[in-house]
Amino acid sequence: MEIKLDPSRDDLPLMANTSHMLVKHYVLDLEVDFESRIIEGTIVLFFEDGSRFRKQTSSTKETCQLASNKAYKFRTPELCHIPVTNARTTFNVGYSDFVICDKGEEDTSDKDGNHDNQEQASGISSSKYCCDTENHGREDFLLVLDCCDLSVLKVEEVDVAAVPGIEKFIRPSKLTTVSEELRNEIVHELVTLPAVHWRKQLDYFVRCSQAPSCGELFFDTDTWSLQIRKTGAQTATDFPHAIRISYKTKPEGQSVTWTSDQSGRPCVYTMGSPINNRALFPCQEPPVAMSTWQATVRAAASFVVLMSGENSAKPTQLHEGCSSWHYYVTMPMPASTFTIAVGCWTEVVPKKWSSNDLMIERPFPLSETDCRYVGVCSHMEYPCRFQNAAATTQKVIPHRVFAPGCLKGVCQEILLRLLPPCLSAAHSVLGSHPFSRLDILIVPANFSSLGMASPHIIFLSQSTLTGRSHLCGPRLCHEIAHTWFGLAIGARDWTEEWLSEGFATHLEDVFWAEAQQLAPHDAEEQRELRACLRWHRLRDELRNSPEEMQVLRPSKEKTGHVSDSGASVVKHGLNPEKNFMQVHYLKGYFLLRFLARRLGDKTYFSFLRKFVHKFHGQLILSQDFLQMLLENIPEEKRPDLSVENIFQDWLESSGIPKLLPDQLVLLLEHLLEEKTLSRPTLQTLQRTYCLHEQDAEALGLTLQKLMSEQTACKWMSKTPSAKSWHGDVPGCPRGLITRPASRSPGGHPALSEGTITERNPMRFAIAGVSSSSNTSTGVRTDMWNNSFRRTSTVLQAMGVYLYGELMVSEDARQQQLARRCFELVKEQMDRSSVEVVAEMLF
């Protein structure tokens with residue numbers, strides 16, 4: 001089966017037929033081999049079928065027949081290994097369903113590195129090469145999983161009925177005969193155990209995963225999927241609900257990166273995009289497939305295994321030179337959020353600090369409104385922290401920091417000090433932390449983002465440490481915000497990234513101001529400065545990107561729709577430029593900023609806590625947030641404000657939304673920088689912004705604000721120890737922007753030492769305000785004079801944006817620096833990054 005994608009759109013297919021069977025739990029048993037750069041082992045999947053987990057829109061028989069092997073033609077040679085021509089399926093990917101046709105073609109096994117396995121299949125009577133001679137033309141149900149860059153060795157049904165003690169999960173009357181129905185009933189009882197029995201549930205999941213096989217299953221693979229069937233199982237209800245897959249990854253697999261850390265030691269970690277985890281293990285990638293998992297990972301004793309897990313795992317020595325690590329989660333989440341990192345990491349522990357150095361945590365008492373919510377949740381059952389009264393008062397959750405040994409000192413100095421106040425600030429704004437603990441890992445230099453949040457673990461780029469606390473603090477706050485928006489509350493449709501990134505960008509300012517203990521006036525002025533810089537960044541990106549890539553809700557009314565089987569596509573999901581765009585961050589940020597100002601901060605954040613409590617543990621679409629928000633806005637505050645209007649102006653249109661009071665300030669600030677404005681310029685402004693239609697009072701107040709003082713300059717020059725910064729900031733003459741002293745009024749370290757000069761190639765990233773996880777920010781000027789190799793390492797760690805800024809500067813020295821750095825690090829970069837940067841430079 002081969003999927004043909006429209007090359008002009010590069011949509012990412014999600015192949016799993018989640019409407020028919022849904023994974024509820026994964027058990028992984030893996031071994032990491034650094035010599036061969038392979039992860040090998042087994043994964044056991046526990047399912048519920050569609051008749052149990054969704055409302056019936058038609059009879060079960062009709063529904064399950066949709067997943068039959070109507071379009072998938074398995075190879076059916078005689079029981080000997082002779083090359084044959086096979087029937088293969090071509091998918092023409094649409095937006096509401098797949099149009100399928102058969103096309104005979106030559107066998108291209110292993111052309112894509114996915115579907116050969118002849119050496120493993122040889123001699124196995126139930127392999128995918130074996131024909132089904134007993135079905136007499138009847139069509140079997142087909143289970144489809146997302147899978148890419150994996151060598152699948154064997155698929156088998158697990159005999160869960162053979163597990164000692166399993167009889168307690170079923171009625172005695174059903175124990176007389178072991179059948180498929182009995183085994184599936186056992187799995188159903190296991191996956192639906194009450195949350196209070198979660199330890200018992202995890203224990204039996206492990207026991208079942210180790211149960212003997214009761215028969216191998218037919219399987220086939222192609223570029224994007226693994227298809228499995230059992231002879232005679234014609235519906236999802238009849239199909240085995242516990243299957244074990246033996247497989248191994250490939251060194252070139254796109255879900256994992258094999259590299260060396262900053263100390264030169266080998267390591268491997270998951271990338272998270274663009275194809276998520278389907279090249280790490282066969283899974284159901286669509287967000288609707290929310291599941292729990294547990295994993296045992298074996299590696300050489302010198303390595304540390306970190307993973308998305310609720311427990312702070314400790315190694316168990318299996319034999320000399322080999323250790324085992326075990327993690328689990330009990331909160332159902334999409335498989336795409338699973339993360340693993342294996343390397344010679346060093347745990348960073350606090351050194352002795354003086355009282356003057358500590359960022360002292362102040363109490364953030366919960367409001368009465370928050371306390372009323374304890375114990376009432378709307379999600380599927382799991383051991384939820386929002387139902388735990390003690391968790392609601394836990395401002396700082398247990399946390400650990402890991403890094404390569406060479407970065408231990410800087411992590412002690414910066415990161416460990418920032419974690420408590422940032423966690424505490426997040427708690428003060430949104431209430432209970434959804435997760436019980438947190439690990440932070442400083443990832444290798446070839447990590448192409450500034451950060452990535454996953455359940456219980458955050459990856460941070462080494463570049464955040466280079467920028468000292470003024471960069472590390474906001475970035476840490478951004479990733480912590482994803483705990484609520486992106487993880488605890490996820491987007492039901494991946495194209496609505498703004499529901500994760502827009503919220504995290506908006507909240508990072510709020511968290512960071514709280515963590516610094518800034519006075520309200522200072523916090524507001526800091527946010528205004530960052531808004532100005534973000535506006536310039538958004539404007540520049542919109543000028544230089546395709547219009548179709550600027551839309552936050554590209555599927556419009558079809559957002560959230562899937563085919564009858566549950567398969568779908570992520571629009572532009574494979575476009576290499578998409579991973580480096582900030583529009584979802586910045587446009588989403590300005591939408592939320594606009595809404596918060598319309599309500600007022602107090603009302604908005606009170607609403608946000610209600611929203612978090614109602615929707616945590618669930619998936620949402622844009623309308624879920626907007627409808628609940630508008631219900632909380634008094635009529636007098638929402639003239640011309642509706643879900644439809646917001647969709648039209650913000651989410652379903654390219655470019656910058658119509659001019660809003662917030663943006664009017666930014667526009668006029670920019671105009672005041674100009675000495676003169678020509679008549680054509682004024683005419684263009686009139687056509688674009690319809691200035692004659694703007695509220696006269698708003699214009700007057702804006703001008704009064706601008707003419708009284710240049711706000712950013714005033715705030716940034718409060719202290720005599722401030723250093724001078726240069727950059728294109730609206731309303732401030734070049735070179736006059738300064739920053740706070742090393743301590744804020746509340747006693748916290750604020751922005752770090754260092755100067756960015758006008759000739760500095762990193763000058764565009766002022767004060768760490770860039771919001772995209774792929775954006776370069778806050779690099780000290782001493783890097784200019786360091787070796788090109790060190791600079792290039794940081795360039796790679798910060799992503800591709802810095803290359804773009806160096807090239808558009810039209811400064812020959814900066815362009816030379818960009819090209820030389822690229823030549824040094826391109827071998828460590830992922831393929832999509834190399835392509836994008838090369839296009840910029842040459």
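Positions are given from 1 along the sequence. What you are looking at is a predicted structure, and each value in this text was computed from that prediction instead of being measured.
How far CG of Leu471 is from OG1 of Thr464: 6.0 Å, rounded to the nearest 0.5 Å. Distance check, rounded to the nearest 0.5 Å: CG of Leu423 to CG of Leu476 gives 7.0 Å. Summarising the geometry, atom CZ belonging to Phe402 is positioned 14.0 Å from atom CG belonging to Leu460; distances are rounded to the nearest 0.5 Å. Atom OH of Tyr204 sits about 13.5 Å away from atom CD of Glu189, to the nearest 0.5 Å. To the nearest 0.5 Å, atom CD of residue Gln284 and atom CG of residue Asp146 are 7.5 Å apart. Expressed to the nearest 0.5 Å, how far OG1 of Thr505 lies from NE2 of His482 amounts to 7.0 Å.
With hydrogens and angles ignored, the 3.5 Å screen pairs a side-chain donor or acceptor of Gln201 with a backbone N or O of Leu190. Looking at Tyr247, its side chain does come within 3.5 Å of a backbone N or O of Leu280 through a donor-acceptor pair. Here the side chain of Tyr327 pairs a donor or acceptor atom with the backbone of Val305 at under 3.5 angstrom. Panel note: side chain Ser424, backbone Pro420; no donor-acceptor pair is recorded below 3.5 Å. Using modelled atom types, no side-chain atom of Glu501 and backbone atom of His584 make a donor-acceptor pair closer than 3.5 Å. Glu508 places no side-chain N or O within donor-acceptor distance of the main-chain N or O of Arg475, the cut-off being under 3.5 Å. Under the 3.5 Å distance criterion, the side-chain polar atoms of Glu157 are left unmatched by any main-chain donor or acceptor of Arg244. Side-chain atoms of Trp512 never come within 3.5 Å of backbone atoms of Cys422 as a donor-acceptor pair (strictly under, hydrogens ignored). Using a distance-only test at 3.5 Å, with no hydrogens or angles considered, no donor-acceptor pair links the side chain of His433 to the main chain of Arg385.
Ring centroid separation for the pair Trp198 and Tyr382 does not come in under the 6.0 Å cut-off. For Phe205 and Tyr328, the ring centers are positioned 6.0 Å apart or more.
The shortest heavy-atom contact between Pro286 and Ala16 is CD-CB, 4.1 Å. Closest of all the heavy-atom pairs between Ser323 and Pro315 is CB-CB, 4.0 Å. Considering all non-hydrogen atoms of both residues, Lys24 and Met380 come closest at NZ-SD, 4.5 Å. Residues Asn277 and Ala335 come closest through the heavy atom pair ND2-O, 2.8 Å. In plain terms, the two heavy atoms of Trp293 and Met333 that are nearest each other are CZ3-O, 3.9 Å. When all heavy atoms are compared, the tightest approach of Trp484 to Gly431 is CZ2-O, 3.6 Å.
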Practice task
Go through Cys477 and Leu507 one step at a time and tell me if the side-chain contact (heavy atoms from CB on, under 4.5 Å) criterion holds.
Solution key: CA-CA 8 Å; Cys477 288; Leu507 286 168; over 6 Å; no
Practice task
Take Val342 and Trp325 through the side-chain contact (heavy atoms from CB on, under 4.5 Å) test and state the conclusion after the steps.
Solution key: CA-CA 11 Å; Val342 184; Trp325 303 70; over 6 Å; no
Handout entry: Check against side-chain contact (heavy atoms from CB on, under 4.5 Å), Arg183 and Asp159
Key = CA-CA 7 Å; Arg183 285 189 284 264; Asp159 188 4; 3.5 Å; yes
Practice task
Start with the C-alpha gap between Phe303 and Phe34, add the side-chain angles, then the distance that decides, and say whether ring-ring contact (aromatic ring centres under 6.0 Å, His included) holds.
Solution key: CA-CA 10 Å; Phe303 290 95; Phe34 279 94; 4.3 Å; yes
Handout entry: Worked check of side-chain contact (heavy atoms from CB on, under 4.5 Å) between Cys267 and Trp345
Key = CA-CA 9 Å; Cys267 62; Trp345 322 121; 3.6 Å; yes
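Between Glu40 and the choices Asp29, Leu30, Leu153, the side-chain contact (heavy atoms from CB on, under 4.5 Å) rule is met once, by Leu153. When each of Leu415, Asp261, Val410 is checked for a side-chain contact (heavy atoms from CB on, under 4.5 Å) with Ile442, only Leu415 meets the rule.
By the 4.5 Å heavy-atom criterion applied to side chains, Cys208 and Ile166 are counted as neighbours. Contact annotation: the side chain of Pro434 never approaches that of His616 to less than 4.5 Å [non-hydrogen atoms, C-beta and beyond]. Side-chain contact between Trp494 and Glu285: present, with at least one pair of heavy atoms (C-beta onward) separated by less than 4.5 Å. The side-chain heavy atoms of Ser255 and Thr270, taken from C-beta on, include no pair separated by under 4.5 Å. When side chains are defined from C-beta on, Thr249 counts as touching Leu150, because their heavy atoms get closer than 4.5 Å. Considering only heavy atoms from C-beta on, Leu465 comes within 4.5 Å of Cys411 through its side chain. Side-chain contact between Ser324 and Val297 is absent, with no heavy-atom pair separated by less than 4.5 Å. Side-chain contact check for Leu45 versus Leu145: some heavy-atom pair is nearer than 4.5 Å.
The aromatic rings of Phe46 and His25 are tilted relative to each other, their planes meeting at an angle between 30° and 60°. In this structure, Phe485 and Phe503 have parallel ring planes: the angle between them is below the 30° cut-off, well short of the 60° mark. Classification of the His478-Tyr585 ring pair by plane angle, with boundaries at 30° and 60°, yields parallel.
Sorted by first then second residue, the side-chain hydrogen bond (donor to acceptor under 3.5 Å, both in side chains) pairs that include residues 305-319, not counting sequence neighbours, are Glu310-Thr330.
When the shell of 6.0 Å around CZ of Arg492 is examined, it contains 12 or fewer heavy atoms from other residues, nucleotides or ligands.
Side-chain polar atoms of Glu48 and His241 form no donor-acceptor pair below 3.5 angstrom.
The existence of a salt bridge linking Glu413 and Arg417 is excluded, since no basic side-chain nitrogen approaches an acidic carboxylate oxygen closer than 4.0 Å. The pair Arg207-Asp203 counts as a salt bridge, with a side-chain nitrogen and a carboxylate oxygen less than 4.0 angstrom apart.
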